[in-house]
Amino acid sequence: MNSATVRPAASPGPDGRSARWDRHRTERRRELIRAARHAVHRLGPDASMEDIAAAAGTSKPVFYRYFGDKAGLQQAMGEVVVGRMQARLQEAAASATTPQEGLTAMVSVYLQMAESSPHVYAFVTRDAPFDPSVPQPLHGEPAPPAAAPETGSSAVLHDFFANVTAMIEAPLRGHLSASADSAAELAAASYWPRAAIGMVRAAGERWLAAPDDGSKPSRELMTTMLTQWLLRGVAPGRTEPTAASGPPAAAGHSAH
């Protein structure tokens with residue numbers, strides 16, 4: 001009796017419908033993020049999910065299905081906006097031939113992209129403060145003690161500013177090290193990039209919020225001034241009082 005050869009059944013290949021559905025969801029999510037950005041650009045950072053959905057020509061449940069809640073949408077938009085800003089900053093840093101040129105280009109890009117849509121910038125950075133006092137490991141330093149994990153836009157912004165800090169630190173390390181006369185001064189110089197990020201962001205956001213009443217500095221002037229403050233100080237030609245003499249009596253400023 002002849003017996004037919006029994007061949008093992010072929011294992012099923014990838015589900016084509018599932019792959020198509022995944023592609024559809026990815027594209028639909030991208031479209032919703034784009035529509036939400038346009039809506040926030042027009043309506044402002046306080047736009048509700050209902051307003052955003054209406055402007056996108058869909059319903060609020062659709063946004064909840066794709067992003068969970070408003071914080072999820074904020075994070076998704078932040079990843080797109082911050083990703084583009086970081087790419088532009090990397091291009092600016094890579095094209096520079098001197099540390100000052102690179103810093104000027106990076107400050108200019110940051111202000112330009114934030115100014116292009118202040119509402120979107122405010123939406124994705126809201127409730128996500130960057131604390132420059134939180135140490136980031138540099139050049140082989142041990143990682144700081146683990147803290148509670150950041151989530152949402154806080155995590156997106158923290159990663160962004162940490163990456164920008166590294167971009168600034170790398171080309172300027174030699175510049176800062178050259179002026180250091182001791183190991184202590186060299187260590188202090190390594191804190192400069194962190195402080196620079198905090199100052200540029202604080203000044204930039206205050207500038208964005210200032211009314212355009214004719215006295216508001218232009219973006220070009222802000223870029224020049226911020227770069228000068230970072231590299232040479234606010235009043236480089238002024239002689240400051242020594243530690244022994246104490247601060248001026250009429251200073252009247254408090255630390256924040």
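Each ring pair (Phe, Tyr, Trp, His ring centres under 6.0 Å) pair with one or both residues in residues 66-95, not counting sequence neighbours, appears once here: F63-F67.
Heavy-atom minimum distance, L111 versus M222: CD1-CB, 3.8 Å. Nearest heavy-atom pair, E101 versus A96, reported as atom, atom and distance to 0.1 Å: OE2-CA, 3.5 Å. Shortest non-hydrogen contact noted between W192 and L230 is NE1-O, 3.1 Å. Taking all atoms of both residues into account, the shortest heavy-atom contact from F123 to Q74 is O-NE2, 2.8 Å. Of all heavy-atom pairs spanning S117 and H41, the tightest one is OG-ND1, 2.7 Å. Taking all atoms of both residues into account, the shortest heavy-atom contact from V62 to T58 is CG2-OG1, 3.3 Å.
With values rounded to the nearest 0.5 angstrom, K60 atom NZ is found 10.5 Å from K70 atom NZ. Once rounded to the nearest 0.5 Å, the distance linking CD1 of I33 with CZ of R30 reads 8.5 Å. The line from CD1 of I52 to CE of M77 is 7.0 Å long, rounded to the nearest 0.5 Å. One finds the CG atom of D51 at 6.0 Å from the CG atom of L43 (value rounded to the nearest 0.5 Å). Put simply, OH on Y64 and CE on M49 are 5.0 Å apart, with the number rounded to the nearest 0.5 Å. Taking CZ from R219 and CG from L208, the interatomic distance works out to 11.0 Å, rounded to the nearest 0.5 Å.
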Could you please spell out the steps behind the side chain to side chain contact (heavy atoms under 4.5 Å, CB included) verdict for R232 and Q100?
CA-CA 11 Å; R232 294 191 292 275; Q100 180 171 346; 3.9 Å; yes

Side chain to side chain contact (heavy atoms under 4.5 Å, CB included), that's the test. Do M106 and R88 meet it? Break it down for me.
CA-CA 8 Å; M106 292 176 73; R88 288 283 306 278; over 6 Å; no

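With hydrogens and angles ignored, the 3.5 Å screen pairs a side-chain donor or acceptor of T224 with a backbone N or O of E220.
No single ILVMFWY cluster, assembled from side-chain heavy atoms under 4.5 Å apart, contains both L32 and W21.
Under a 4.0 Å N-O distance rule, the pair E31/R28 qualifies as a salt bridge.
Side-chain contact annotation: Q112 with S108, donor-acceptor N/O pair under 3.5 Å absent. With no hydrogens or angles considered, a side-chain donor-acceptor pair links E205 and Y121 at under 3.5 Å.
Looking at heavy atoms from C-beta onward, V124 lies out of side-chain contact with Q75 at the 4.5 angstrom threshold.
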